[in-house]
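The next block holds one structure in the form of structure tokens; read it before the comments.
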Amino acid sequence: MMSVSDNLQAIRHRISEAARACGRDAADILLLAVSKTKPDADIIAAHAAGQTAFGENYVQEGCDKAQRLTEAGLKLDWHFIGPIQSNKTRPVATWFDWVHSIDREKIASRLSEQRDAHRPPLNVCIQVNVSGETSKSGVAPDELPALADAVARLPRLALRGLMAIPEPTDDAALQRRRFAHLRQLRDELNARGHALDTLSMGMSQDLEAAIAEGATLVRVGSALFGARS
Ligand SMILES: *Cc1c(COP(=O)(O)O)cnc(C)c1O
């Protein structure tokens, strides 16, 4: 059986090969370890192997882990990447450093209100639906500019970029097209005066395509921690 540390090394190798293939610097691509459903011991093992950024999908589970490990003295960066209901924003604003899954102004404004004024702003990405009808999460591309303007005005948030979860497919050309679309949307926002530095795209199956299209952060779960039951 492969250990978390072996897997981490293999993923880092995939990232550097993908970066090299398109002339990018692997140092510009952050690996987010998606630890949802996995025990604290796996997070501790990954941290011991040098991993610092972790992603969680479920509010209760993610906040419990972030609180426990923070109070145990581990200095990790916690990214929330799952759907958030409006009555669950407070613990996310408390325990996380990033939220990738903003798709409504209401959630963003609650997170901003609930973020402690003594802490750095909460970093956020807007989740965009780049797969059309096949996905329900994320803002539609034509509604993105208005949402980005609204989020950028919120005082306790820092709008950092865009996130997408395209439909799973083995079609490499389709993977590239979805990721290229997200990059184009980011470029359009920056041309209108935003300063987005983050493209959160690519997972275990498609991180090479995402890196080829400019991903600055890839979210990897099963290739690192094994399949989820
Ligand atoms: C679960 C999840 C991942 C990781 O997916 P893998 O295919 O296990 O790498 C990445 N991003 C989001 C939003 C997820 O929910």
Side-chain angles (χ1 to χ4, degrees), residues 1-15 17-18 29-39 42-43 45-46 49 51-63 65-66 76-85 88 92 95-104 107 111 122-131 134-139 160-172 174-175 178-179 181-183 198-229:
M1 222 179 109
M2 297 285 279
S3 69
V4 167
S5 161
D6 293 337
N7 291 342
L8 195 54
Q9 217 179 333
I11 293 160
R12 288 192 189 123
H13 183 71
R14 279 177 66 188
I15 292 171
E17 286 298 302
I29 302 157
L30 179 74
L31 170 60
L32 181 67
V34 177
S35 47
K36 64 184 177 203
T37 79
K38 299 297 178 181
D42 285 3
I43 297 174
Q51 178 65 27
T52 53
F54 292 85
E56 290 282 338
N57 274 65
Y58 308 105
V59 173
Q60 183 77 45
E61 178 196 352
C63 291
K65 280 179 181 164
L76 307 177
D77 297 317
W78 290 98
H79 294 236
F80 194 81
I81 60 175
I84 311 179
Q85 294 169 292
K88 299 277 181 62
V92 174
W95 291 108
F96 283 81
D97 304 294
W98 284 73
V99 173
H100 294 224
S101 43
I102 300 290
D103 63 1
R104 302 182 268 156
I107 300 294
L111 288 169
L122 185 63
N123 296 296
V124 300
C125 294
I126 295 176
Q127 183 176 350
V128 186
N129 179 355
V130 291
S131 304
T134 54
S135 159
K136 50 232 161 312
S137 314
V139 67
R160 297 293 299 274
L162 303 180
M163 183 272 249
I165 314 173
E167 72 272 47
T169 173
D170 295 331
D171 177 346
L174 180 58
Q175 291 174 358
R178 298 304 191 212
F179 294 135
H181 188 191
L182 195 71
R183 172 166 48 87
T198 300
L199 275 178
S200 167
M201 58 189 197
M203 318 201 298
S204 294
Q205 301 302 329
D206 56 11
L207 68 86
E208 283 82 3
I211 288 169
E213 294 298 346
T216 66
L217 183 158
V218 292
R219 308 179 309 269
V220 177
S222 48
L224 176 54
F225 295 116
R228 292 175 294 272
S229 44

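We count ligands from 1, going down the list as the structure has it; atoms in each ligand are counted the same way.
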Report the nearest protein non-hydrogen atom to [atom]: residue, atom name, distance rounded to 0.1 Å.
{"atom": "atom 10 (C) of ligand 1", "answer": "Met203 SD, 3.1 Å"}
{"atom": "atom 2 (C) of ligand 1", "answer": "Lys36 NZ, 2.6 Å"}
{"atom": "atom 9 (O) of ligand 1", "answer": "Ser204 OG, 2.5 Å"}

Compare every heavy atom of His79 with every heavy atom of Ala53, then report the nearest pair and how far apart it is.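 So the minimum-distance heavy-atom pair works out to CB-NE2, 4.1 Å.
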
What heavy-atom pair brings Asp97 and Leu76 nearest, and what distance separates the two atoms?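 The answer is OD2-O, 3.8 Å.
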
Using a heavy-atom cut-off of under 4.0 Å, does the side chain or the backbone of [X] touch ligand 1, or both, or neither?
{"X": "Gln205", "result": "neither"}
{"X": "Asn57", "result": "side chain"}
{"X": "His100", "result": "neither"}
{"X": "Ile165", "result": "side chain"}

Numbering the atoms of ligand 1 from 1, which are under 4.0 Å from a heavy atom of [X]?
{"X": "Arg219", "value": "4 (C), 9 (O), 10 (C), 11 (N), 12 (C), 13 (C)"}
{"X": "Ile81", "value": "11 (N), 12 (C), 13 (C), 14 (C)"}
{"X": "Val220", "value": "9 (O)"}
{"X": "Ser222", "value": "6 (P), 7 (O), 8 (O), 9 (O)"}

Looking at [X] and [Y], would you say the former's side chain and the latter's main chain have a donor-acceptor pair under 3.5 Å?
{"X": "Gln51", "Y": "Leu31", "answer": "yes"}
{"X": "Ser204", "Y": "Ala223", "answer": "yes"}
{"X": "Arg160", "Y": "Thr198", "answer": "no"}
{"X": "Lys65", "Y": "Glu56", "answer": "no"}
{"X": "Ser101", "Y": "Gly82", "answer": "yes"}

Give the ring-plane orientation class for Phe80 versus Phe96, where under 30° counts as parallel, over 60° as perpendicular and anything between as tilted.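 Perpendicular, since the angle between the ring planes exceeds 60°.
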
For ligand 1 and Gly221, I'd like to know whether there is a polar contact (N/O to N/O, distance under 3.5 Å).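 Looking only at distances, the answer is yes, because the N/O contact criterion of under 3.5 Å is met.
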
